[in-house]
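Both backbone and side-chain heavy atoms feed into the values below; hydrogens, waters and symmetry mates do not.
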Amino acid sequence: MDLTEKKMEQTIASLQEKLITIRAGRANPAMLNGIMVSYYGTPTPIQSVANITVPEAKQLFIKPYDRSTLKDIERAINEANIGITPTNNGEIIILTVPDLTEDRRRDYVKQANGEEAKVALRNIRQDANNQIKKEEYPEDEEKLYLEEIQELITKYNKIVDEEIKKKEEELMQV
């Protein structure tokens with residue numbers, strides 16, 4: 001039972017990580033998660049080669065630890081296609097987050113669905129139910145365990161819905 005709940009918690013954490021990367025018109029260093037910079041020929045996360053700061057609500061400053069990597073960082077951001085054009089001033093790279101249009105906001109809301117998380121939760125429930133049936137518990141005990149699993153899935157589905165609703169409100173906020 002504990003393992004099942006732990007897997008469900010990991011699914012929620014994964015959803016939250018995914019939602020952070022969907023931008024809402026505000027600068028957030030997490031927008032750059034997953035961008036790999038070619039650092040001396042080795043793909044390296046951008047956070048490992050530069051300091052990322054948010055001086056204003058709509059700007060990100062990326063200051064490389066090694067100035068020779070400035071062009072590589074700029075190239076990696078362009079290739080990541082995050083919808084923001086970097087500005088290189090020779091010292092730092094500045095990303096200015098543009099205001100989102102209504103259509104763009106709706107596109108992001110569509111991206112922010114929790115369907116993958118709900119499918120993962122259903123799969124976890126199915127595995128747990130199969131495990132309970134395999135154990136050959138007495139009928140009443142088995143029924144009790146299956147009900148507990150159902151309560152867990154209901155609880156975690158509500159959490160998914162709340163996370164999605166929060167993100168949608170954030171995205172649609174002008």
Side-chain angles (χ1 to χ4, degrees), residues 1-37 43-48 50 52-62 73-86 93-133 145-174:
M1 198 62 73
D2 291 338
L3 181 64
T4 300
E5 189 161 12
K6 192 172 189 158
K7 286 180 182 178
M8 289 183 180
E9 286 171 1
Q10 289 170 341
T11 300
I12 299 297
S14 174
L15 172 70
Q16 289 168 335
E17 244 176 66
K18 178 188 170 204
L19 292 178
I20 285 174
T21 62
I22 298 174
R23 66 187 179 95
R26 278 187 235 97
N28 182 348
M31 294 166 47
L32 304 176
N33 287 355
I35 295 180
M36 302 299 265
V37 177
T44 310
I46 194 167
Q47 291 87 345
S48 299
I52 302 167
T53 57
V54 184
E56 296 176 24
K58 297 222 176 256
Q59 282 191 327
L60 280 176
F61 284 4
I62 303 164
I73 293 171
E74 188 176 10
R75 187 178 312 113
I77 292 169
N78 280 324
E79 288 173 0
N81 199 15
I82 59 173
I84 304 172
T85 306
I93 293 173
I94 302 168
L95 294 179
T96 304
V97 179
D99 288 328
L100 296 176
T101 64
E102 188 71 23
D103 290 341
R104 199 73 181 127
R105 288 178 192 278
R106 293 193 192 291
D107 287 344
Y108 283 140
V109 166
K110 286 178 191 168
Q111 278 182 27
N113 71 28
E115 206 47 50
E116 286 177 27
K118 287 186 175 186
V119 168
L121 290 173
R122 285 194 296 267
N123 289 338
I124 293 167
R125 176 186 60 189
Q126 188 65 43
D127 293 344
N129 286 348
N130 290 342
Q131 188 64 38
I132 289 168
K133 290 174 182 170
Y145 287 142
L146 292 174
E147 285 173 6
E148 285 179 26
I149 298 289
Q150 188 56 45
E151 286 172 19
L152 275 178
I153 191 101
T154 303
K155 171 185 165 187
Y156 282 95
N157 273 331
K158 280 183 187 168
I159 293 172
V160 168
D161 291 339
E162 288 167 8
E163 291 291 329
I164 297 301
K165 189 171 189 252
K166 252 194 311 193
K167 189 63 177 186
E168 284 178 2
E169 287 171 1
E170 180 185 335
L171 287 168
M172 295 311 287
Q173 198 174 56
V174 180

Side-chain (Thr154) to main-chain (Gln150) donor-acceptor, under 3.5 angstrom: yes

As an exercise, state the distance from OG1 of Thr53 to CZ of Phe61, rounded to the nearest 0.5 Å. 6.5 Å

Check whether more than 12 heavy atoms from other residues, nucleotides or ligands sit under 6.0 Å from atom CD of Glu17, and answer yes or no. no

Side chains of Asn130 and Gln126 only: does a donor on one sit below 3.5 Å from an acceptor on the other? yes

So, Glu5 and Arg125, do they make that salt bridge, N to O below 4.0 Å? no

If we only count heavy atoms from C-beta on, is the Ile84 to Val97 side-chain gap below 4.5 Å? yes

Between the side chains of Lys166 and Glu163, is the shortest nitrogen-to-carboxylate-oxygen separation below 4.0 Å, so that they form an ion pair? yes

If you look at every heavy atom in Met36 and Ala76, which pair is closest and at what distance? O-CB, 3.4 Å

Residues, nucleotides or ligands: over 12 heavy atoms within 6.0 Å of Glu116 CD: no

Roughly how far, to the nearest 0.5 Å, is CD1 of Ile94 from OG1 of Thr85? 13.5 Å

What do the steps show when you test Tyr156 against Thr11 for side-chain contact (heavy atoms from CB on, under 4.5 Å), and what is the final call? CA-CA 9 Å; Tyr156 282 95; Thr11 300; over 6 Å; no

Which atom names give the shortest non-hydrogen contact between Thr4 and Ala128, and what distance separates them? OG1-CB, 3.5 Å

Distance-minimising heavy-atom pair for Gly114 and Leu15: CA-CD1, 4.3 Å

Ignoring hydrogens, what is the shortest heavy-atom contact between Ala50 and Ile62? Give both atom names and the distance. CB-CG2, 3.5 Å

Interatomic spacing from CG in Asp161 to CD in Glu168 - rounded to 0.5 Å: 9.5 Å

Evaluate the side-chain proximity of Asn78 to Pro86: yes if any heavy-atom separation is below 4.5 Å, no if none is. yes

Nearest heavy-atom neighbours spanning Leu32 and Ile46: O-CG2, 3.7 Å

Between Lys167 and Glu162, is there a salt bridge with N-O shorter than 4.0 Å? no

Enter the distance from Lys7:NZ to Leu152:CG here, rounded to the nearest 0.5 Å. 12.5 Å

What's the verdict on side-chain contact (heavy atoms from CB on, under 4.5 Å) for Lys133 and Leu146, showing C-alpha distance, side-chain angles and the deciding distance? CA-CA 9 Å; Lys133 290 174 182 170; Leu146 292 174; 4.2 Å; yes

Ile52 and Pro29: which non-hydrogen atoms are nearest, and at how many Å? CG2-CB, 3.9 Å

CG on Asp2 to CD on Glu9, rounded to 0.5 Å: 9.5 Å

In Å, rounded to the nearest 0.5 Å, how long is the span from CD1 of Ile93 to CD of Glu74? 5.5 Å

